[in-house]
Amino acid sequence: MRVAFKTNYMQDIRPWKDVYQLGLYLVLLAVVAAAPWWLDDFYLGELTNVLIWAIAGLGLMILTGHTGQASLGHAAFLAVGCYANVILIEAGVPFLIAFPLAGLLTGIVGATVAIPALRLHGIYLAIFTLALSILMDDIIVLAEPITGGVAGKYLGGVEIFGYLVDRWATPAPFFWLVLAVAVVVTLGYINLLRAPLGRSFIAVRDSEVSAQAMGVDIARTKTISFALSCAVTGLAGALMGMFSGAFNNETFSVVISIQLLIMIVIGGLGSIHGAFLGAIVIGFLPQFLSISKEYAAALFGGNTVAIPGLEFGIFGMILIAFILFEPMGLYGRWLKIRTWFELFPFYRKDMFKRQKSYLKTERLR
């Protein structure tokens with residue numbers, strides 16, 4: 001068991017516990033960055049897709065995991081970021097300017113949406129955001145002169161410093177672009193949680209009444225949380241549009257919103273690691289099911305005809321299993337396993353006992 005002995009405040013708030021943990025993250029980053037040399041184009045594309053889902057998961061994690069505001073409408077903000085990016089590029093704006101602008105515009109839309117949603121909680125907020133996701137489908141169709149309507153839009157490669165970055169023609173540079181965005185967003189998220197604003201998010205999540213008693217402006221905090229969450233989600237939407245190439249009103253359906261929520265619950269609510277672990281499940285599960293069907297057909301005979309609804313049925317069963325047996329998600333399970341090894345033989349199950357009662361301050365709602 002390693003115990004980090006801290007001698008000053010900066011050591012207490014740094015993103016990593018000690019040099020050993022920092023070294024592990026740097027090694028992991030180096031291995032992932034070298035993926036184009038040890039993965040073929042197909043699996044490199046799948047890894048790229050996982051990173052895009054992770055960025056979107058980080059966006060939703062800000063709002064749901066660390067501010068406690070349930071959302072079933074983040075597919076709408078993925079669409080806003082995607083269309084904003086491609087429309088700016090078509091207008092002649094360079095990608096390095098259009099991409100962050102797409103995130104900024106999505107954040108402004110999110111802050112605007114947050115104003116009528118400030119007084120909503122729980123299932124009512126989820127229904128409100130779900131309605132936004134459904135409404136976005138109609139908005140894209142009605143705004144056909146701008147969005148292309150049902151026909152949609154196509155976005156090929158973009159030029160960055162004179163180099164072509166395209167999902168199909170140059171998969172390695174596109175992967176590095178997505179990885180760079182994922183690293184920047186993750187570092188920004190880590191620093192956000194160390195800042196007073198991030199701690200205000202957590203205070204609002206745990207108890208709005210207690211947070212208000214400590215001087216936290218609830219309305220301002222929720223609005224900023226919506227804006228930051230939607231801005232990050234907009235960046236993921238822009239990358240998702242570049243990854244798919246062609247997209248229309250059906251690309252960002254309400255199913256995407258549900259998948260995002262399932263992803264962060266499976267990965268572990270309230271943790272940055274949970275967004276990445278959930279993205280691995282969401283990204284690789286369809287391929288795992290496809291490979292499993294082919295293997296089973298070769299082993300037992302039969303065909304590999306697709307079974308309608310199989311993927312979402314598996315997602316649903318996994319979600320139910322985690323809610324019942326491991327509410328802390330994959331990252332929570334990993335923490336328990338790590339703690340067991342660190343404290344053996346002094347580990348006790350009651351160390352992670354679930355709190356089954358509300359805080360007294362929350363009963364005043």
Side-chain angles (χ1 to χ4, degrees), residues 25 28-29 32 35 43 45-75 77-78 81 126 129 133 178-179 181-183 185-190 192-193 201-202 205 225 228-230 232-237 239-240 243 252-289 310-338 352:
Y25 284 130
L28 176 61
L29 178 61
V32 174
Y43 285 105
E46 293 301 312
L47 182 58
T48 305
N49 185 41
V50 167
L51 289 175
I52 295 174
W53 274 101
I55 297 170
L58 288 171
L60 183 57
M61 192 71 79
I62 294 174
L63 185 65
T64 303
H66 281 105
T67 316
Q69 308 300 300
S71 173
L72 284 173
H74 262 50
F77 303 113
L78 285 171
T129 54
S133 186
V178 175
L179 178 62
V181 175
V183 170
V185 170
T186 303
L187 291 176
Y189 200 159
I190 292 171
L192 173 66
L193 294 181
F201 289 167
I202 297 173
R205 177 195 66 187
S225 176
L228 290 177
S229 174
C230 294
V232 174
T233 305
L235 296 178
L239 293 174
M240 201 172 287
F243 182 81
F252 303 98
S253 64
V254 67
V255 175
I256 302 294
S257 298
I258 297 172
Q259 281 184 308
L260 272 176
L261 187 59
I262 290 175
M263 183 181 78
I264 63 172
V265 171
I266 291 175
L269 275 175
S271 68
I272 295 176
H273 297 81
F276 285 91
L277 293 174
I280 292 172
V281 175
I282 292 292
F284 284 120
L285 184 59
Q287 300 303 327
F288 174 77
L289 292 176
L310 175 63
E311 180 180 326
F312 293 106
I314 297 294
F315 281 145
M317 288 189 291
I318 292 175
L319 179 62
I320 292 171
F322 272 98
I323 291 175
L324 290 177
F325 304 109
E326 188 49 85
M328 295 176 67
L330 288 172
Y331 184 63
R333 174 53 55 181
W334 159 245
L335 286 180
K336 293 177 183 179
I337 294 173
R338 189 183 69 182
F352 292 95

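Ring geometry for Tyr331 versus His273: interplanar angle under 30°, hence parallel rather than tilted (30 to 60°).
Under the side chain to side chain donor-acceptor pair (under 3.5 Å) criterion, Ser71 pairs with His74, sequence neighbours left out. For Tyr43, there are no side chain to side chain donor-acceptor pair (under 3.5 Å) partners at least two apart in sequence or on another chain. Take Ala279 and apply the side chain to side chain contact (heavy atoms under 4.5 Å, CB included) test, not counting sequence neighbours, and it matches Val50, Trp53, Ala54, Met263. Residues passing the side chain to side chain contact (heavy atoms under 4.5 Å, CB included) test with Leu285, sequence neighbours excluded: Phe288, Leu289, Ile314, Phe315, Ile318. Remark: Glu326 pairs with Arg333, Lys336 by the side chain to side chain donor-acceptor pair (under 3.5 Å) rule, at least two apart or across chains. Residues passing the side chain to side chain donor-acceptor pair (under 3.5 Å) test with Thr67, sequence neighbours excluded: Ser225.
Minimum interatomic distance between Thr64 and Ala70 (heavy atoms only, all atoms of both residues): OG1-CA, 4.1 Å. The shortest non-hydrogen separation linking Ala236 to Ile55 is CB-CG2, 3.8 Å. Nearest approach of Leu72 to Ser133, heavy atoms of both residues: O-CB, 3.9 Å. In terms of heavy-atom proximity, Leu260 sits nearest to Ala56 at CD2-CB, 3.6 Å. Here the closest non-hydrogen pair linking Thr233 and Leu60 is OG1-N, 4.2 Å.
Atom CZ of residue Phe243 and atom CG of residue Leu51 lie 10.5 Å apart, to the nearest 0.5 angstrom. How far CD1 of Ile266 is from CD1 of Ile282: 5.5 Å, rounded to the nearest 0.5 Å. In this structure, the separation between CG on Leu261 and CG on Leu319 is 8.0 Å, given to the nearest 0.5 Å. Rounded to the nearest 0.5 angstrom, Thr186 OG1 and Leu192 CG are separated by 12.5 Å. Separating the CE atom in Met61 from the CZ atom in Phe276 is a distance of 10.0 Å, to the nearest 0.5 Å. Rounding to the nearest 0.5 Å gives a distance of 11.5 Å between CG of Leu235 and SG of Cys230.
Residues Leu193 and Phe201 fail the side-chain proximity criterion, which asks for heavy atoms closer than 4.5 Å.
Among Leu239, Ile52, Val232, the single residue meeting the side-chain contact (heavy atoms from CB on, under 4.5 Å) criterion with Val181 is Leu239.
Ser229 contributes no side-chain N or O that, together with a main-chain N or O of Ile62, makes up a donor-acceptor pair within less than 3.5 Å.
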*Could you go through the side chain to side chain contact (heavy atoms under 4.5 Å, CB included) check for Leu29 and Leu179 one step at a time?*
CA-CA 9 Å; Leu29 178 61; Leu179 178 62; 4.3 Å; yes

